[in-house]
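Below, each value reflects all heavy atoms present in this structure, side chains not excepted, and no hydrogens, waters or symmetry copies. Note on naming: letters A, B, ... go to the chains in the order of the sequence lines (proteins, then strands), and numbering restarts at 1 for each one. Note that the structure is predicted; figures quoted are calculated from it, not measured.
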Amino acid sequence: MTAGLTAATSSPSRPPNWPAWLPRRPWSWGPGAWRCSPEPGLVPPIVPARGFPPCAGRAIFPRRPRRRGFHTHPERGIGMADIAKRADDYSRWYQDVIAAAELADNSPVRGCMVIRPNGYAIWENIQKILDAKFKELGHVNAYFPLLIPKSFLAREAQHVEGFAKECAIVTHHRLKQVTVNGKTTVVPDPDSKLEEEYVIRPTSETVIWDMYRKWIQSYRDLPILINQWANVMRWEMRTRMFLRTTEFLWQEGHTAHATAAEGRAETLQMLEVYRWFAEEILAMPVITGIKTANERFAGAVETFSIEAMMQDCKALQAGTSHDLGQNFAKAFDVKYQDAEGKVEYVWATSWGMSTRIIGALIMTHSDDDGLVLPPRIAGTKAVIVPIWKNAEEMEQVCAAAEGLAAQLRATVGNVHVDKRDNMRPGWKYAEWERKGVPLRIELGPRDLAGQQVMMVARHDRKKEAVGFQQLAEVVTNELARIQQDLFDRAVQRRRENTHIIDSWDAFTQLFDGPGGFAECHWCGDGDCEKAVQEKTKVTIRNLPLQRDETPGACVHCGKPSIGRVVFAQSY
RNA sequence: CGGGGCGUAGCGCAGCCCGGUUAGCGCGCCUGCUUCGGGAGCAGGAGGUCGAGAGUUCAAAUCUCUCCGCCCCGACCA
C-alpha cells in the first residue's frame, strides 16, 4: 500500500501540491493548456470548493447527455423535475412522464412492469366505467383460468399461427433445491414434468369456447354475453411501458349468438362502446373502422378497431372488437339447436381494451411539464393546497380546506388536501402538475379572509378566484371545461395532421417528414399494403366506417379503389 | 436476435483513457432552527459489496473476458 502511495505522489502527471480531491487533469496543462477556458491565456479559477469543473470530464470523455433527474433549474431554482421535452426526444419524454407521475416502474422481469398506485387508480377508473357500461348492455363477468392446455391453442388454425410465437409455457409444477459449487439454487424438478404442458393465456378464446360447448345446447341458451377482467401474457421482443408489455391487464368480452347478424351487431355495438369511452371519458378522438386482412385478429372473420393519433403523429390502436363468425364454434364444436330443431354452429364475437389505453392517454394529453389527465378518468379530480405561515394559520386553513374538500367530494369525486408540512406550496404545485391532477385549488390566509380560493387548471394554467359559496358549482363547470378542452385540442391536432393524399410522392414526403394520418385510396390488395409497409413503415390503420367512398386510384399501385383508408405509422 | 448507447447512493452524474489517498458532486432523504402566496435558507447527519461473475495485478470503479439489465434503431407484433 505504502509503495502505491509513493508512486502516485511522484507521478509525473500530477503537479506538486495538487489537491488530492481534484482529478489529476481537470484542465490539461503544459502545451495547449487551458483548452477549456473561454478566454485563451486567462488562467481559469481554481475550483473554490469540492467539485469538478463541469467541462473537465466531458472534455476528455464526451458522453451522450442522459436524463438529468431532479436538478437545479437555471431560472426557477432547485428541484425542477427534469422531463425531456417532447420535441427533443419523444420516447424519453414518454418514459419521463411515467416516472415523474409515478404511474409505473420497471419490474425485475424483463418486459413486465409494476403499475404503481397512481397508474392503477387510472386503471380502476377505466374498469369501473367500462364495467358499468358492459353490464348496462347485458354482459356479465366471469373468470377463466390463467393456464390453457397447450393443445387448445392448436385447435383453430389461424389462431395458432397468430399466437404460437409469443406464448409462455408451463412445463413443471415443482422446484428442487440444488447446490452447485457451494451455492444453493432452485431448478425445476425433473420428476415434476407435466404430462400436458400449459400455456399462459395470450387471450382466452380457447378455454372459453371449450366451456361454451358444455353450456350451449339450444337457442334458448343464447346469447351468452360474458366478460372477464384478467391478465394475459404475450412474449414480446420489444416492450414499452403500457403500450406493449409482456404481461398486461385487460378486459376480454366473449359472446355467443344464434345468428351471424346478431354477432355482427354485437361486434359493432362494442366498438361503439369503445369509441364512446375513448372520446367521452378519455377525451381521445378515435377513428372507428375495419382492419385489413393483414391486421386482422388471428381467428376472426372481421376485426374492427378504434385508432387514435398520438402527439408524435403516430397512430395507436386503442381497442378492438372482433366478429369471429363460426371459426371458434367449429374448432371447439359448439352447436345449438334452433326453434325448428336444426343444429347450427354458434356465432361468436370477442372484444378487448387493455392497459395499453393508459399509454395512449398519456401520449394524447400530457405536456412537457408532465402528465395531463382528463377529469373523468383522473383518480384525483382536484387537489387543495393549503398555505400557511404558522401553526395557528395552518390549523385554520387546513380546517377550511377539509371543509371545502368534503363539500367537493360530494359533487365531483375524489379531492385531495395536501397538508404536508415539509414542503412549501410552490413545490406542491409543481408536484401535482407533474402528476396530472386536473385542477389545483390554493387556499391561504388571505383567501380565507375573503372567503375564496384560487383555482388553477392543469392543462392551460388558467387561474380564477372563486368564492366559497360558488365553489362546488364552479369546480364542476371547470372540470367539464377541461374535459372538453382536452378533447377539442386533440381533435384539432388530429385535423392539422390528417391529409388527403393522392400521389406516392406526397405520401413519401409526408412520412419522411412530419408524419400523420394519410387518407388515401387503396386497391384492397394485401400484398400492395405490405409493399407500402416495407418501403415506408406505414400501415393501413383501418378502413373508417365513415369514409369517402368516391372511387379513385390506389396511392401506391394505381389500381382502382372504392374508397379511402387511413395510412399511418403506428405503435 | 442484429447495430449503437449505457449501468458508480433514492434520482441525475463525475471519476475510467494512463490501475494506487477514506470513491466524489448536485438534488432528494434524516435532525434542528428560521421559513412557507410558484420548485426555501443555514447547520449537522445518514446512505455505496462502483450491474453480476471470473481473470490479470502487490493493488481493479478503472485493464481483459463472460453474463445480466436498461434505452435507442432494426427484425417481430395488437
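Distance check on atom P: B:rC29 versus B:rC11 gives 15 Å, rounded to whole Å. Comparing B:rA9 with B:rA61, their C1' atoms sit 14 Å apart, to the nearest whole Å. B:rG69 and B:rA78 are spaced 26 Å apart, taking the C1' atom of each and rounding to whole Å. When the P atom is compared between B:rC58 and B:rG26, the two are found 38 Å apart, to the nearest whole Å. B:rU56 and B:rA60 have their C1' atoms separated by 10 Å, with the value rounded to a whole Å. Comparing the P positions of B:rG55 and B:rU62 gives an interatomic distance of 14 Å, to the nearest angstrom. Taking atom C1' in both B:rG19 and B:rC50, one finds a spacing of 15 Å when rounded to whole Å. Taking atom C1' on both B:rC33 and B:rG47, the two are 24 Å apart, rounded to the nearest angstrom.
Among the protein residues, A:Ser91 comes within range of the sugar-phosphate backbone only, with heavy atoms under 4.0 Å from sugar or phosphate atoms but none that close to a base. Within the 4.0 angstrom heavy-atom criterion, no nucleotide atom of any strand lies near A:Glu393. Using a 4.0 Å heavy-atom cutoff across all strands shown, A:Asp421 reaches no nucleic acid atom at all. Among the protein residues, A:Met394 comes within range of no part of the nucleic acid, since none of its heavy atoms lies under 4.0 Å from any strand.
Atom CD in A:Glu392 sits roughly 15 Å away from atom P in B:rC36 (whole-Å rounding). Note: CG (A:Asp312) to C1' (B:rC73) measures 15 Å, nearest angstrom. Rounded to whole Å, atom P of B:rG39 lies 12 Å from atom CD of A:Glu442. B:rG39 atom P lies 16 Å from atom CG of A:Asp418, rounded to whole Å. In this structure, A:Ile387 places its CD1 atom 14 Å from C1' of B:rG39, rounding to the nearest Å. Atoms NZ (A:Lys435) and C1' (B:rG39) sit 14 Å apart, rounded to a whole Å. Per the geometry, CH2 belonging to A:Trp427 stands 8 Å off P belonging to B:rA40, to the nearest Å. Across the protein-nucleic acid pair, A:Leu448 atom CG and B:rC36 atom P stand 17 Å apart, rounded to whole Å.
Taking A:Asn294 as the reference, A:Thr292, A:Glu529, A:Lys530 meet the side chain to side chain contact (heavy atoms under 4.5 Å, CB included) condition, with sequence neighbours excluded.
Nucleotide B:rA40 forms a Watson-Crick or G-U wobble pair with B:rU34, both donor-acceptor distances falling under 3.5 Å. B:rC11 and B:rG26 make up a base pair, with Watson-Crick or G-U wobble contacts both under 3.5 Å. B:rC67: Watson-Crick or G-U partner is B:rG51, with both key distances under 3.5 Å. Base pairing of B:rA46: no nucleotide in any strand meets the Watson-Crick or G-U wobble criterion (both distances under 3.5 Å). Across all strands shown, B:rC1 forms a Watson-Crick or G-U wobble pair with B:rG74, both key distances being under 3.5 Å. In a base pair of the Watson-Crick type (N1 to N3 plus N6-O4 or O6-N4) or a G-U wobble (N1-O2 and O6-N3), with each distance short of 3.5 Å, B:rA60 is matched with no nucleotide.
Between A:Phe328 and A:Ile208 the shortest side-chain heavy-atom distance does not fall below 4.5 Å.
Looking at A:Ser91 and A:Trp93, their side chains never bring a donor and an acceptor atom within 3.5 Å of each other. For the residue pair A:Trp427/A:Glu431, the side-chain donor-acceptor check at 3.5 Å is satisfied. Side-chain contact of A:Gln452 with A:Asp447: a donor-acceptor pair under 3.5 Å is present, judged by distance alone. Using modelled atom types, one finds a donor on one side chain and an acceptor on the other under 3.5 Å when comparing A:His322 with A:Thr303.
Taking only side-chain atoms of A:Arg424, from C-beta outward, the nucleotide of B:rG39, B:rG37, B:rG38 with the closest atom is B:rG37. Here the nucleotide nearest the side chain of A:Asn106, chosen from B:rG39, B:rC70, B:rC36, is B:rC70.
At least one side-chain nitrogen or oxygen of A:Gln95 sits closer than 4.0 Å to the OP1 or OP2 atom of B:rC72. Phosphate proximity of B:rG37 to A:Arg446: absent, as no side-chain N or O sits under 4.0 Å from OP1 or OP2.
By the 4.0 Å N-to-carboxylate-O rule, A:Asp369 lies close enough to A:Arg461 to be salt-bridged with it. A:Asp418 and A:Arg420 are joined by a salt bridge, as a carboxylate oxygen and a charged side-chain nitrogen come within less than 4.0 angstrom of each other.
A residue-by-residue look at A:Arg240 and A:Ala391 shows that A:Ala391 has its nearest nucleotide of RNA chain B further toward the 5' end. Residue whose closest nucleotide on RNA chain B sits further toward the 5' end, between A:Thr239 and A:Leu443: A:Leu443.
Ring-centre distance between A:Trp250 and A:Trp351: not below the 6.0 Å cut-off.
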Would you list the protein and nucleotides 75-78 of chain B atom pairs, both N or O, that sit under 3.5 Å from each other?
| from | atom 1 | to | atom 2 | distance (Å) |
| --- | --- | --- | --- | --- |
| B:rA75 | OP1 | A:Lys537 | NZ | 3.3 |
| B:rC77 | O2 | A:Arg244 | NE | 3.0 |
| B:rC77 | O2 | A:Arg244 | NH1 | 3.4 |
| B:rC77 | O2 | A:Arg244 | NH2 | 2.6 |
| B:rA78 | O2' | A:Arg356 | NH1 | 3.1 |
| B:rA78 | N7 | A:Arg234 | NH1 | 3.3 |
| B:rA78 | N6 | A:Glu236 | OE2 | 2.5 |

Residues 389-405 of chain A, side-chain donor-acceptor partners within the protein, below 3.5 Å, at least two apart:
| from | atom 1 | to | atom 2 | distance (Å) |
| --- | --- | --- | --- | --- |
| A:Asn390 | OD1 | A:Glu392 | N | 3.2 |
| A:Asn390 | OD1 | A:Glu393 | N | 2.8 |
| A:Glu393 | OE1 | A:Lys389 | N | 2.8 |
| A:Glu402 | OE2 | A:Lys419 | NZ | 2.7 |

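If you check distances only, the side chain of A:Glu433 never reaches the base of B:rG39 with a donor-acceptor pair under 3.5 Å.
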